[in-house]
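Reading through the structure tokens given below for one structure.
In what follows, every heavy atom counts, from backbone to side chain, and hydrogens, waters and symmetry copies are set aside.
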Amino acid sequence: MSLLLRNGVLIDGAGRDGRRGDVLVVGEGIAEVGLFRPPEDVRVIDCTGWVVSPGFIDAHSHSDLQVLEDRREKVRQGVTTEVVGNCGFSPYPAPEDPRPLRAFANGIFCGDENWGWPSAKAYLEAAARSPVVNVASLVGHGSLRIAVAGHRLGPLTARETDRLEGLLEEALAGGACGLSTGLMYAPGSSAPPKELERLCRIVARHEKIYATHMRSYASGLLAAVDEQLELARRTGCRLQISHFQAAA
Ligand SMILES: [Zn+2]
């Protein structure tokens, strides 16, 4: 089945100005963009007066559970890929008894008592069946801590730290696109700097990304930014400051 989007204003995502042109879709893929002779037997959508662009990536989503449902809100806004697992919250790795993880994350996930995946791989397999959007997922530092030490605050034991690192390794190897922290939220907020540094070194080694909801966006904003820049410099990991704003 071929589809021709005819006579729209094309924004190709490369930063260029919009230009008039067509897009030919054959099967699941884009076959032609711009000015070309279209095949005869093709379904045509007239895009005169419309903009045709690649789908938007929502780089900060908390729809970890909703992306698994047949919900159209985001795609109606043009979003075709969502990056979930932000601010330290991911729906994996779920401990054998997933209730502590649900207690930790349900406030942000708007979830029920029926979710939890043992690994990034298991979650991403479920997400790959999403009827609507593509899903990329960060593994949440808070979720990792819940898996090794429940809601307990403060430094982890050496054994727990080994397990924490092992779970991060497993998540990144299993397809998680990086690590997120939520340093305003317990238990992640209680992690000593050394713990974050060890985890960020693993992220750097995997050449993935570290996204953080910082300790403060108000009176402690500058110190919070310094902390994250220092962490990225020291470990070589790529840093994204989530919802960067001054809230005071
Ligand atoms: Zn956040």
Side-chain angles (χ1 to χ4, degrees), residues 58 60-69 71 73-74 82-127 130 135-172 174-196 198-200 202-203 210-218 224 242-243 247:
D58 182 347
H60 191 96
S61 164
H62 287 294
S63 307
D64 302 61
L65 303 181
Q66 290 75 22
V67 292
L68 307 172
E69 302 168 16
R71 295 176 62 149
E73 298 96 322
K74 282 289 188 71
E82 294 201 43
V83 183
V84 298
N86 281 285
C87 302
F89 300 91
S90 60
Y92 63 85
E96 212 152 289
D97 174 2
R99 283 175 298 183
L101 180 60
R102 291 179 193 143
F104 165 65
N106 261 351
I108 203 130
F109 287 171
C110 304
D112 57 17
E113 298 307 314
N114 276 310
W115 59 267
W117 288 266
S119 64
K121 188 165 178 287
Y123 171 73
L124 288 166
E125 275 167 15
S130 166
V135 178
S137 175
L138 301 155
V139 58
H141 170 236
S143 299
L144 289 169
R145 279 199 60 125
I146 296 276
V148 303
H151 292 283
R152 208 187 73 231
L153 303 181
L156 301 174
T157 65
R159 226 176 127 183
E160 287 167 341
T161 304
D162 284 350
R163 178 131 168 72
L164 189 78
E165 292 184 331
L167 286 172
L168 174 59
E169 291 271 8
E170 184 190 321
L172 297 176
C177 61
L179 168 73
S180 76
T181 55
L183 301 176
M184 239 180 218
Y185 309 115
S189 54
S190 74
K194 196 81 203 142
E195 176 181 318
L196 300 177
R198 288 177 67 161
L199 296 178
C200 283
I202 295 173
V203 173
Y210 165 55
T212 181
H213 177 128
M214 299 186 298
R215 272 181 220 288
S216 172
Y217 291 84
S242 297
H243 34 67

Open item on the list: Could you measure the distance from the CZ atom of Arg198 to the CG atom of Leu164? Nearest 0.5 Å is fine.
Closed with: 9.0 Å
- [ ] Would you please name every residue forming a side-chain contact (heavy atoms from CB on, under 4.5 Å) with Asn114, sequence neighbours left out?
- [x] Asp112
Task: Side-chain heavy atoms of Gln66 within contact of Ser61, under 4.5 Å - done: no
Open item on the list: Using a 3.5 Å distance criterion without hydrogens, assess whether the side chain of Ser90 forms a donor-acceptor pair with backbone atoms of Gly140.
Closed with: yes
Open item on the list: So, taking the atom named SG in Cys200 and the one named NE2 in His141, what distance separates them when rounded to the nearest 0.5 Å?
Closed with: 9.0 Å
- [ ] Kindly compute the distance separating CG (Asp162) from CD (Glu169), expressed to the nearest 0.5 Å.
- [x] 11.5 Å
- [ ] Mind listing the closest non-hydrogen atom pair of Ala149 and Leu156 along with its distance?
- [x] CB-CD2, 3.7 Å
- [ ] Please name all residues satisfying ring-ring contact (aromatic ring centres under 6.0 Å, His included) with Tyr185, sequence neighbours left out, ordered by chain then number.
- [x] Phe89, His213
Task: More than 12 heavy atoms from other groups under 6.0 Å of CZ on Arg99 - done: no
TODO: Take Leu101 and Ser143 through the test side-chain contact (heavy atoms from CB on, under 4.5 Å) and record every step on the way to the result.
DONE: CA-CA 7 Å; Leu101 180 60; Ser143 299; 3.5 Å; yes
Task: Side chain proximity check, Leu199 to Tyr210, heavy atoms < 4.5 angstrom - done: no
TODO: Please report the shortest heavy-atom distance between Asp97 and Pro100, naming the atom on each side.
DONE: O-CD, 3.1 Å
Open item on the list: Could you tell me if the side chain of Ser189 sits less than 4.5 Å from the side chain of Leu153, heavy atoms only?
Closed with: no
Task: For the student: nearest non-hydrogen atoms of Gly111 and Leu65, plus distance - done: CA-CD1, 3.6 Å
Task: side-chain contact (heavy atoms from CB on, under 4.5 Å) partner of Asp64, the single match among Trp115, Phe109, Trp117 - done: Phe109
Open item on the list: Can a side-chain donor-acceptor contact be found between Tyr92 and Ser137 if the only test is distance below 3.5 angstrom?
Closed with: yes
Open item on the list: Are Arg145 and Glu195 packed together at the side-chain level, in the sense that at least one heavy-atom pair is separated by less than 4.5 angstrom?
Closed with: yes
Open item on the list: Name the residue from His60, Lys74, His62 that meets the side-chain hydrogen bond (donor to acceptor under 3.5 Å, both in side chains) definition with Glu82.
Closed with: Lys74
Open item on the list: For a quick test of reading the model, state the closest non-hydrogen atom pair linking Cys87 to His243 and the distance between them.
Closed with: SG-NE2, 3.5 Å
Task: Non-hydrogen side-chain atoms of Pro155 and Lys194 separated by less than 4.5 Å - done: no
TODO: Carefully, step by step, assess Leu179 and Ile202 under the rule side-chain contact (heavy atoms from CB on, under 4.5 Å).
DONE: CA-CA 10 Å; Leu179 168 73; Ile202 295 173; over 6 Å; no
TODO: Calculate, to the nearest 0.5 Å, the distance between atoms OG1 and CE belonging to Thr212 and Met184 respectively.
DONE: 9.5 Å
Task: Ala211 versus Asn86, closest heavy-atom pair with distance - done: CB-OD1, 4.5 Å
Open item on the list: Does any part of the side chain of Cys177, heavy atoms only, come nearer than 4.5 Å to the side chain of Leu138, both counted from C-beta?
Closed with: yes
Task: Nearest heavy atoms of Pro95 and Ala147, plus distance in Å - done: CG-CA, 4.3 Å
Open item on the list: Any non-hydrogen side-chain atom of Val148 less than 4.5 Å from a side-chain atom of Arg159?
Closed with: no
Task: Pairwise distance CZ(Arg163) to CG(Leu144) - rounded to 0.5 angstrom - done: 10.0 Å
Open item on the list: Please check: side-chain N/O of Ser180 versus main-chain N/O of Gly88, any donor-acceptor pairing under 3.5 Å?
Closed with: yes
